[in-house]
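Naming convention: chains lettered A, B, ... in sequence-line order (proteins, then strands); numbering from 1 in each chain. Below, all heavy atoms of this structure are taken into account, side chains as well, without hydrogens, waters or symmetry copies.
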Protein chains: 2
Amino acid sequence: MKKKVHTECLSALLPVRDTLDIIGGKWRILILISIWEGNRHFREIERSIPKLSTKVLAKELKDMELNKLITRTVVNGFPVRTEYAPTEYSKTLQKLIRELQNWGLKHRQEVFGKVTEIHRRCC
Amino acid sequence: MKKKVHTECLSALLPVRDTLDIIGGKWRILILISIWEGNRHFREIERSIPKLSTKVLAKELKDMELNKLITRTVVNGFPVRTEYAPTEYSKTLQKLIRELQNWGLKHRQEVFGKVTEIHRRCC
DNA sequence: GTAATCAGTAACCTTTAGGTAATCAAGAAA
DNA sequence: TTTCTTGATTACCTAAAGGTTACTGATTAC
């Protein structure tokens with residue numbers, strides 16, 4: 001007498017992986033929010049996020065451009081400027097991020113029994 | 001003339017990190033779904049997820065228990081059995097996972113212009 | 001007697017993510 | 001002239017995540 005249990009709707013989870021790959025890094029959401037908030041230039045973004053290194057930022061910006069979350073425009077001129085801007089499309093992530101935040105907030109309550117004061121609202 | 005741009009609502013993002021730490025691993029959502037689907041024993045879960053190793057499964061199950069997503073009950077007996085079961089609380093993640101899935105699905109359309117057939121629905 | 005089952009654990013190795021520091025060329029400010 | 005700023009790139013290193021293989025002890029099936 002065998003139990004028949006299946007998990008072969010595994011492929012349906014690929015989109016979940018896709019999403020997590022895009023927002024899952026240590027910095028990606030931070031960078032996205034920085035750009036949403038109005039930071040447009042490389043150094044500006046870099047300075048807005050403490051401890052973020054140029055190398056990681058450069059890499060993440062490339063990925064985010066590929067994923068159509070931001071646009072990159074080189075403005076020829078004096079010291080050569082590059083402009084990053086959020087796409088309209090990127091804003092479809094906002095709802096998701098808010099829900100990740102809400103769940104995380106409730107989870108602290110569930111696991112620790114209370115909310116740490118640091119966590120409030122934003123964005 | 002300086003632009004004033006702030007990103008110091010950074011601490012509000014900690015709950016987002018919390019959530020991603022819990023569902024963000026390579027296997028965690030897979031394991032959770034396997035248990036939701038009815039797999040209850042260690043080997044059962046292990047077999048239901050191809051390529052998942054015992055070491056990783058053992059570690060993830062511990063984490064998930066700490067996070068109150070599952071319960072672990074040892075049933076004394078013949079070859080010693082352990083039962084894992086999903087908590088009611090774990091189900092609060094289902095909505096979130098579905099949204100990660102939906103966004104990922106739409107994202108493929110946005111980036112590649114079409115949906116790959118593999119991706120449908122589940123859970 | 002041998003093999004397989006259960007739920008793991010331990011030692012070790014590889015891969016990936018992320019961090020550090022130096023460097024690039026061109027112009028602008030000191 | 002020297003230094004600073006721009007947007008990066010490169011080489012190198014560390015830490016964490018994940019994978020591989022072997023093994024445990026008790027029991028049951030062959």
Side-chain angles (χ1 to χ4, degrees), chain A residues 1-3 5 10 13 16-32 34-35 39-67 70-85, chain B residues 1-3 5 10 13 16-32 34-35 39-67 70-85:
Chain A
M1 201 162 145
K2 270 200 165 175
K3 262 192 277 182
V5 167
L10 277 182
L13 289 173
V16 179
R17 271 264 63 82
D18 289 346
T19 307
L20 290 175
D21 286 346
I22 288 166
I23 60 172
K26 186 169 175 185
W27 301 108
R28 291 196 246 276
I29 292 187
L30 253 32
I31 294 168
L32 200 53
S34 173
I35 296 175
N39 294 304
R40 287 289 173 269
H41 303 289
F42 194 91
R43 296 285 177 215
E44 237 173 50
I45 300 165
E46 192 182 5
R47 278 192 299 261
S48 75
I49 303 173
K51 312 242 172 190
L52 173 58
S53 70
T54 54
K55 183 195 136 183
V56 172
L57 178 55
K59 193 209 146 228
E60 303 294 34
L61 287 172
K62 269 183 204 164
D63 289 353
M64 291 166 72
E65 199 197 347
L66 279 176
N67 283 316
I70 55 172
T71 55
R72 181 178 180 275
T73 324
V74 180
V75 185
N76 319 46
F78 326 73
V80 179
R81 305 213 101 206
T82 312
E83 264 205 25
Y84 295 94
Chain B
M1 200 164 149
K2 269 199 166 174
K3 262 190 276 182
V5 168
L10 277 182
L13 289 174
V16 178
R17 269 264 62 81
D18 290 346
T19 307
L20 290 175
D21 286 346
I22 289 166
I23 59 171
K26 187 169 174 187
W27 301 108
R28 291 196 246 277
I29 292 187
L30 252 30
I31 295 169
L32 200 52
S34 174
I35 296 175
N39 294 304
R40 288 287 173 270
H41 303 288
F42 194 91
R43 296 289 177 211
E44 232 174 54
I45 299 166
E46 192 182 7
R47 277 193 301 260
S48 75
I49 304 173
K51 310 241 172 192
L52 172 59
S53 70
T54 54
K55 183 196 138 182
V56 172
L57 178 55
K59 193 207 147 229
E60 303 296 34
L61 286 173
K62 271 182 203 164
D63 290 354
M64 292 167 71
E65 200 196 347
L66 279 176
N67 283 314
I70 56 172
T71 56
R72 180 178 179 275
T73 323
V74 180
V75 184
N76 318 45
F78 324 74
V80 180
R81 303 212 102 203
T82 311
E83 264 206 23
Y84 295 95

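For the pair Glu46(B) CD and dT9(C) C1', the interatomic distance rounds to 13 Å; values are reported in whole Å. Counting to the nearest Å, the P atom of dA17(D) and the CD1 atom of Ile23(B) are 16 Å from each other. When the P atom of dG7(D) is taken as reference, atom CD1 of Ile70(A) falls 13 Å away, rounded to whole Å. Residue Leu52(B) contributes atom CG, which lies 11 Å from atom C1' of dG19(D) at whole-angstrom precision. Distance CD1 (Ile31(A)) to P (dG7(D)): 15 Å, rounded to an integer number of Å. Note: CG (Asp21(B)) to P (dA17(D)) measures 9 Å, nearest angstrom. Atom pair Phe42(A):CZ and dC24(C):C1' shows a separation of 14 Å (rounding to whole Å applied). Between the CZ atom of Arg17(A) and the P atom of dT16(C) there is a distance of 14 Å, given to the nearest Å.
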**Message:** Pair Glu65(B), Lys62(B) - check salt bridge (Lys or Arg N to Asp or Glu O under 4.0 Å), show working.
**Reply:** CA-CA 5 Å; Glu65(B) 200 196 347; Lys62(B) 271 182 203 164; over 6 Å; no
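When distances run from any side-chain atom of Glu60(B) to the nucleotides dT20(D), dG18(D), dT6(D), the shortest one goes to dG18(D). Out of dT9(D), dG7(D), dG8(C), the shortest distance to the side chain of Arg43(A) is found at dG7(D). Side chain of Tyr84(A), nearest nucleotide from dA8(D), dA7(C), dG19(C): dA8(D). Proximity note for Trp27(B) (side chain, C-beta onward) versus dT9(D), dG19(D), dG18(C): the nearest is dG19(D). Across dA7(C), dA8(D), dG19(C), the shortest atom-to-atom separation from the side chain of Val56(A) is found for dG19(C).
In terms of phosphate contacts, His41(B) brings a side-chain nitrogen or oxygen within less than 4.0 Å of OP1 or OP2 of dA7(C). For Lys62(A) and dT9(D), the shortest distance from a side-chain N or O to OP1 or OP2 is below 4.0 Å. Close to dG19(D), at under 4.0 Å from its OP1 or OP2, lies a side-chain N or O of Lys26(B).
Across all strands shown, dC30(D) pairs with dG1(C); the Watson-Crick or G-U wobble distances both stay below 3.5 Å.
Note: Ser34(B) OG to Trp27(B) CH2 = 12.0 Å, rounded to the nearest 0.5 Å.
Using a 4.0 Å heavy-atom criterion, one finds that Thr82(B) contacts the sugar-phosphate atoms exclusively. Within 4.0 Å of Lys55(A), counting heavy atoms only, lies at least one base atom of the nucleic acid. Counting non-hydrogen atoms under 4.0 angstrom, Arg81(B) reaches the backbone sugars and phosphates but no base.
When side chains are defined from C-beta on, Asn39(B) does not count as touching Tyr84(B), because their heavy atoms never get closer than 4.5 Å.
Although no hydrogens or angles enter the test, the distance criterion places a donor-acceptor pair under 3.5 Å between the side chain of Arg28(B) and the main chain of Asp21(B). For Glu60(B) (side chain) and Val56(B) (main-chain N/O), no donor-acceptor pair under 3.5 Å exists by modelled atom type. Put simply, the side chain of His41(B) gets close to the backbone of Thr82(B): a donor and an acceptor are under 3.5 Å apart.
Along DNA chain C, the nucleotide closest to Arg47(B) and the one closest to Arg28(A) are compared, and the more 5′ of them pairs with Arg47(B).
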